[in-house]
Each structure stands twice: as structure tokens, then as C-alpha cells.
Amino acid sequence: MIDVARKYVFDFDSTLTRVEALDVLAEMTLQGKSNKEEIINEIQEITNLGIDGDISFTESLERRIKLLSAHKDDLKGLVEELRLKISKSIAANKEFFEEYSDDIYVISCGFKEFIDPIVEEYNIPSERVYANTFTFDEAGNIIGFDEANVLASHNGKIACLKDLNLEGEVQVIGDGYSDYVMREAGIADKFFAYTENVHREKAANNADHVTPNLDEFLFVNDLPRKISYPKNRIKILLLENVHPDAFENLSEDGFSVELIKHSLSEEELIEKIKGVHVLGIRSKTQVTEKVLKAANKLLVVGAFCIGTTQIDLDFAKRKGVVVFNAPYSNTRSVVELAIGQIIMLMRSVFPRSTEIHNGQWNKTAVGSREVRGKNLGIVGYGNIGKQLSVLAEAIGMRVYYYDVNDKLALGNAIKCSTLEDLLSVSDVVTLHIDDNKANKNFIGEREIAQMKQGAMLINLSRGFVVDIPALVHALKEGKITGAAIDVYPEEPRSNGDFITQLQGLPNVILTPHVGGSTEEAQRNIADFVPNKIMDYINSGNTVDAVNFPNIRLPKQSNAHRFLHIHKNVPGIMAKISEVLAAYNMNISGQYLSTDNEVGYVIVDLDKKYNKEVIKALKKIENTIKFRVLY
């Protein structure tokens with residue numbers, strides 16, 4: 001099969017660069033003028049009218065230049081500014097322009113005075129740049145353009161490309177009317193609507209292919225590119241109304257993201273998960289074995305919360321699906337609520353508040369105590385427990401803690417060797433333990449009996465760790481004089497009616513699992529989890545993965561990267577090395593991490609590879625997943 005010779009014709013403004021150059025020039029030359037915004041808006045409106053073909057390009061150009069008030073000396077500053085505004089995926093694939101320079105042309109209705117210096121850095125010489133040129137008066141002011149230039153006329157790009165008489169398949173890459181008319185006129189074979197910087201409906205509707213970035217264009221044409229698989233083809237599904245910053249962060253990085261505000265049932269998710277590469281959830285969505293079996297393309301699950309019991313972590317690992325969560329992002333939010341609840345329980349704030357809502361005035365100090373000097377027992381001395389320890393001590397409490405693991409005390413906190421020791425000394429007990437199933441009814445009838453008479457209990461951890469009937473009994477009997485419960489053994493999938501035996505009891509604060517639900521925490525989670533997802537998708541990094549061997553990778557350049565996930569059985573690495581040796585591949589870096597079930601190896605190669613090597617690596621026995629990163 002003989003490859004078809006191709007020529008690639010690029011637009012400049014909003015394609016090679018993220019901006020329209022004349023708009024940038026207007027920003028520069030109108031600086032300090034009182035009517036700057038008004039004029040810039042007018043220039044942009046004229047630009048769009050010309051790009052969409054609603055007015056002739058000649059008219060568009062004439063009207064904009066009159067409004068610019070620009071000088072020849074301004075062009076140097078414009079070029080410097082444009083160097084900073086190269087399209088992201090264009091800059092990332094600079095090697096393509098250098099390698100295919102002989103086949104690349106720039107045809108633009110912009111001006112050679114600022115285009116030439118920019119594209120020269122991409123190995124495109126001036127003789128393959130076709131654009132307008134400015135005219136100047138004796139003082140160097142820009143007063144117009146060379147009207148004899150074919151590109152100064154309406155549909156000038158058609159005439160320009162026709163005059164070039166290029167051989168082979170001609171592909172045009174641009175964002176506007178003047179680009180797609182070249183294909184409509186029959187002198188270009190394909191038009192790619194470039195939408196990385198601006199999406200113009202007319203251009204997209206008339207395109208052979210909509211390309212959100214240069215990676216997609218290179219992928220479609222099977223050309224060398226920075227990443228193997230375009231990010232816009234990676235589908236991300238976010239459920240349960242995760243913070244919009246997560247959507248923005250992932251979309252901005254180039255992924256295709258769908259956001260659904262509610263959770264999905266198992267049946268709904270089984271249907272929806274097909275074709276999805278990344279799933280983002282909170283606590284209500286259950287990622288079961290059935291869901292994971294239906295997930296034919298799933299690479300990552302991001303839990304936008306601390307807990308991961310809603311995910312079948314073991315089966316996800318066996319399928320090569322990496323899981324990330326947000327163990328630190330809402331720590332402060334939970335701690336602040338705990339401090340607030342300690343004070344409100346000690347002061348009987350909620351009974352007094354309920355009374356006054358009902359029209360009763362009960363000004364009394366009975367059952368109202370300061371927290372200063374009281375004993376706080378923290379069960380679970382992890383991130384939340386430690387930060388709570390510091391803040392509680394700062395307001396004058398004596399802090400005791402118990403943890404199944406050996407944890408170093410912060411400040412003056414006192415470590416308890418047994419749970420009973422902590423319960424027997426604490427005025428307030430607050431729970432911050434993990435979602436291990438063995439912790440079910442961690443605080444039950446026996447543990448409550450070990451607490452001080454009149455003590456208080458706070459649970460901001462997991463609903464199943466407290467035996468609710470036992471707590472209700474203790475509250476009614478007066479053994480426990482107050483409680484704050486944020487989590488429950490069974491919680492509804494969506495907002496609505498909810499029933500618990502704790503309702504209606506005095507000095508009991510009930511909240512709907514909002515311990516970590518602050519705007520700040522959700523923003524932090526919306527940064528942390530997407531960054532972990534992007535780091536894995538973009539580089540293979542698994543640091544902080546919940547269910548997977550952790551690998552921290554160095555930055556890679558001028559190499560190819562293969563990711564191989566396999567069952568942890570003897571001989572896999574030897575087989576990978578055999579395949580690479582058979583295809584004469586030179587390994588520049590190799591990183592391996594394993595646990596008792598899976599192995600994760602990353603191989604960096606410093607030369608071009610035969611695509612047959614990919615098939616060979618995929619065929620290695622006990623391979624779970626294989627991915628070419630770039």
C-alpha cells in the first residue's frame with residue numbers, strides 16, 4: 001500500500017495561536033484610552049463577522065485597521081505577545097512541524113509582519129507563508145494593507161491555494177469561514193475545524209472532521225504526536241454533583257467530560273459505564289463487581305470523598321482499574337464541625353434553640369458547661385484526629401486519643417493503650433475511624449457502658465460504627481447526655497425524607513452527612529482528585545492510589561512510555577524484556593511496583609517503536625491492561 005502524499009494548510013489566528021492577532025494589537029495600542037473597551041469590542045465584532053463570512057473580508061480588514069491606531073514599532077511587541085499565546089497542543093507537537101516542514105503551509109488573512117517570526121520557530125520558512133502585508137505612512141503608522149494581495153479580497157484563500165497548485169491530498173486546518181470554503185470550492189480535499197481556542201458553529205458544521213486539538217488531527221492522520229491517544233477521546237463521567245471546578249479542571253486539560261448531578265443505581269450505571277475511561281463519584285454511587293465487569297474501557301475511578309467502601313477495590317484492582325480518593329481535602333471542615341458540636345453539646349445550644357423557636361424562654365445554666373478543662377477522647381488519630389487534637393487543646397481541653405496503630409502524640413495529647421481507658425476518662429468521645437467492615441458497631445452497648453456517666457458522643461466517621469439502638473437507649477436513660485451524629489448505617493441515595501430512631505431526642509444534633517461538605521472542602525477535592533486522575537492518565541503516576549501499587553515517575557522527554565498491568569506471577573518482567581529485545585527496543589527507564597495480586601510496570605523507550613511490539617506486549621500471558629502513553 002502506497003501512502004498518499006499530503007499537504008497541510010494551516011490558518012494562523014485562533015489556530016496556530018490562541019488569539020486573533022489584531023485583537024491583541026488593539027489591546028496594546030489602545031492602552032490608557034478612555035474608550036478602549038468600546039473600540040476593542042467593536043474590533044472583535046468585526047473580526048467575527050468576517051470570520052463567519054457575514055461581511056466581506058476586505059471590509060472587515062479595512063474597518064479594523066482604521067480602529068487600531070497602530071504603529072510599525074508596535075509589531076515587535078505584538079510578536080513577543082503572540083509567542084506567549086501559541087495554542088497549547090500546537091506547542092506540545094512542535095516536532096511534527098519540524099519533521100513535516102516541507103509539507104506545511106500557512107495561508108492566513110493575517111499579516112506576514114507578525115506571522116513570519118512566529119512560524120519560523122516551527123521550521124516553516126517565509127516562502128511557505130501566504131498572508132497580507134501592512135502599508136505604512138512616512139511616520140510609520142499602519143494606514144492600510146496591500147490591496148493587490150489576493151488574500152486581501154473576499155475568498156482570497158481560495159485563489160491563493162488554487163495558485164499554489166499543490167500536489168497530493170490537501171488538508172486545511174482552521175477555525176473559520178475562509179478556511180472551509182477552500183474545501184467547498186474543490187481545491188482542498190478535507191477541512192478540519194480546529195476548535196481548541198474557539199468553536200464556530202459554521203466551521204464545525206461544514207467540517208470533514210472537528211478536531212479539538214492538534215493531537216486529534218495527528219491521530220486521525222496517523223502522524224507522529226506527543227501523546228498516543230488524544231485526550232478528547234478519553235471520556236470522563238462525573239456523578240453526584242461533584243464541584244464544578246472538577247469539570248473545569250478536567251475539561252481544560254482536554255478530556256471529554258459529562259456531569260450528572262445525581263447518583264446512579266447499579267442498573268443505570270452498568271448501562272452508562274460502557275465506553276467510559278474515568279468515573280468520578282462521591283459516597284452514594286456503588287461501583288460493584290457487576291458495574292466493573294460492564295466497564296469495557298474503564299481506567300480510573302476517582303472518589304471525590306474520603307471513603308471508598310462504595311467501590312469494590314479488590315475487583316477493580318484485578319481489572320487493572322486504579323482508584324483514587326481525597327483523604328486530606330476535607331480534614332479541616334470535619335474538624336471545625338467537631339469543635340462546633342463539642343461546644344454546642346456542652347452548652348445545650350440545640351435544646352435552648354428549639355425551645356425559643358417554640359416560643360419558650362428558658363434562661364438557665366443547668367446542663368450548660370464550658371469546654372475548657374474537659375477531657376476530649378479522640379478515637380482514631382489520623383489526619384482528622386490529629387488536627388482536632390491541636391485545635392481542642394488550643395481551646396483548653398485535655399486530649400486523650402486511641403488508635404489501633406502506634407501514633408505519635410501532638411502537643412500534650414495523652415495516648416491511651418486501650419479503648420476502655422479512653423472511654424472511662426472522656427467527657428466527650430469523638431469518632432474518626434476508617435471504613436473497615438470490622439469496625440461495625442465499634443461503639444455498642446458494652447463500650448457505652450464503659451463511658452463516664454453523662455458523657456457525650458460525636459460520630460463524624462462512618463454510620464455503621466455506632467450501634468444506634470444502643471445509643472438511643474443510653475440517651476433515654478441519661479447515661480449519654482448528648483450526641484452529634486452526621487453519618488448513619490443506612491443513608492438515602494438522594495435528598496428527601498429520612499427516618500432515624502435518634503429524631504426528637506433532646507441535646508442530639510443530627511446532620512445529613514455534611515461533615516466534609518463545605519465550599520472550601522469541595523473545591524479542594526475538585527483540585528486534588530482530578531490532579532491524581534490527570535497524573536495517572538497523562539504520565540502513569542499512581543502515587544496515593546487506594547488499591548494499586550504506587551509508582552512516582554520522573555518527568556519524561558524525548559521517549560515513548562508503555563504501561564503494563566499484569567497479575568503478579570513469576571516471569572512477567574522477563575517476558576516483557578524478551579519482547580522488547582526481540583524488537584530491538586532500547587530501554588531508557590523502567591519502573592516496577594507490585595503487591596500480592598498485581599504488578600505495574602512502566603517502560604520508557606528512547607527510540608521509535610514498531611507497532612507490532614504493542615501487539616506482542618498485549619499477548620503476554622497474565623496481562624490485565626496495556627497502554628501506550630506516548
Side-chain angles (χ1 to χ4, degrees), residues 236-237 239-240 263-270 272-274 276-327 380 382 404-405 433-442 461-465 489-491 493 529 532-533 535-537 540-552 563-573 591-602 620-627:
I236 297 180
L237 176 63
L239 304 178
E240 301 187 60
S263 63
L264 297 178
S265 67
E266 184 180 62
E267 294 75 18
E268 290 171 326
L269 191 53
I270 285 171
K272 191 72 177 175
I273 200 77
K274 294 177 176 68
V276 170
H277 299 86
V278 179
L279 176 65
I281 62 168
R282 292 175 73 182
S283 57
K284 292 190 175 86
T285 300
Q286 301 297 307
V287 184
T288 63
E289 181 177 329
K290 286 183 180 179
V291 169
L292 290 164
K293 282 181 176 177
N296 58 331
K297 291 190 177 180
L298 194 64
L299 301 172
V300 188
V301 174
F304 286 73
C305 51
I306 296 176
T308 54
T309 52
Q310 71 277 35
I311 305 165
D312 188 331
L313 296 176
D314 290 336
F315 193 76
K317 178 166 63 176
R318 292 198 295 274
K319 275 213 64 174
V321 176
V322 182
V323 178
F324 294 101
N325 68 338
V404 291
N405 297 313
I433 59 181
D434 63 27
D435 53 9
N436 189 319
K437 291 178 181 177
N439 288 331
K440 183 176 181 181
N441 291 341
F442 188 86
S461 58
R462 302 292 182 269
F464 60 79
V465 305
E490 293 181 6
E491 297 179 3
R493 288 180 56 244
V529 177
K532 290 297 173 183
I533 290 170
D535 215 13
Y536 176 65
I537 295 292
N541 229 322
T542 54
V543 174
D544 294 327
V546 178
N547 68 330
F548 228 72
N550 277 209
I551 293 183
R552 186 184 299 277
L563 312 181
H564 191 277
I565 300 169
H566 52 269
K567 293 178 183 176
N568 188 10
V569 297
I572 296 290
M573 286 303 298
Y591 315 92
L592 170 68
S593 186
T594 62
D595 63 16
N596 61 331
E597 287 191 90
V598 302
Y600 178 41
V601 64
I602 296 166
I620 292 175
E621 192 176 357
N622 293 307
T623 295
I624 297 172
K625 263 189 172 63
F626 175 82
R627 185 159 63 103

Residues N325 and I306: closest non-hydrogen pair is ND2-O, 2.8 Å
Against L279, only a single residue in I273, I236, I311 fulfils side-chain contact (heavy atoms from CB on, under 4.5 Å); can you say which? I273
Does N541 reach the side chain of R552, with side-chain heavy atoms less than 4.5 Å apart? yes
Is there side-chain contact between K567 and I624, with at least one heavy-atom pair below 4.5 Å? yes
What distance do L292 atom CG and F315 atom CZ have between them, rounded to the nearest 0.5 Å? 6.5 Å
If you measure from CG on D312 to NZ on K319, what distance do you get to the nearest 0.5 Å? 11.5 Å
Report the distance from atom OG1 of T285 to atom CG of L239, rounding to the nearest 0.5 Å. 4.5 Å
Given 3.5 Å as the limit, does a donor-acceptor pair link the side chain of D544 with the main chain of F324, or not? no
Shortest non-hydrogen contact between V529 and A303, atoms and distance: CG2-O, 3.7 Å
If you define the side chain from C-beta out and look only at heavy atoms, does anything of K293 sit under 4.5 Å from T288? no
Any heavy-atom pair between the side chains of L237 and K272 that's under 4.5 Å? yes
Side chain to side chain, R462 and T309, heavy atoms closer than 4.5 Å: no
Strictly distance-based, threshold 3.5 Å: is any side-chain N or O of D435 a donor or acceptor partner for the main-chain N or O of T308? yes
A quick test of your reading: do over 12 heavy atoms of other residues, nucleotides or ligands sit less than 6.0 Å from NZ of K297? no
For V300 and L298, which heavy atoms make the closest approach, and how far apart are they? O-CD1, 3.5 Å
Heavy-atom check, side chain of Y536 versus side chain of K532, under 4.5 Å: no
Any side-chain heavy-atom pair from E266 and Q286 closer than 4.5 angstrom? no
V598 side chain reached by P549 side chain, heavy atoms, under 4.5 Å: yes
Exercise: identify the closest heavy-atom pair between G540 and L563: CA-CD1, 3.9 Å
I'd like to know whether I620 forms a side-chain contact (heavy atoms from CB on, under 4.5 Å) with H566, so could you lay out the CA-CA distance, the side-chain angles of the two residues, the decisive distance to 0.1 Å, and finally the verdict. CA-CA 9 Å; I620 292 175; H566 52 269; over 6 Å; no
Within a 6.0 Å radius of atom NZ on K625, are there more than 12 heavy atoms belonging to other residues, nucleotides or ligands? yes
Assess the side chains of D595 and N568: does a donor N or O sit below 3.5 Å from an acceptor N or O? no
Roughly how far, to the nearest 0.5 Å, is CD of Q310 from SG of C305? 4.5 Å
Can you tell me how far apart CZ (F548) and OG1 (T594) are? Round to the nearest 0.5 Å. 11.5 Å
Working to the nearest 0.5 angstrom, can you tell me the gap between L299 CG and I533 CD1? 11.0 Å
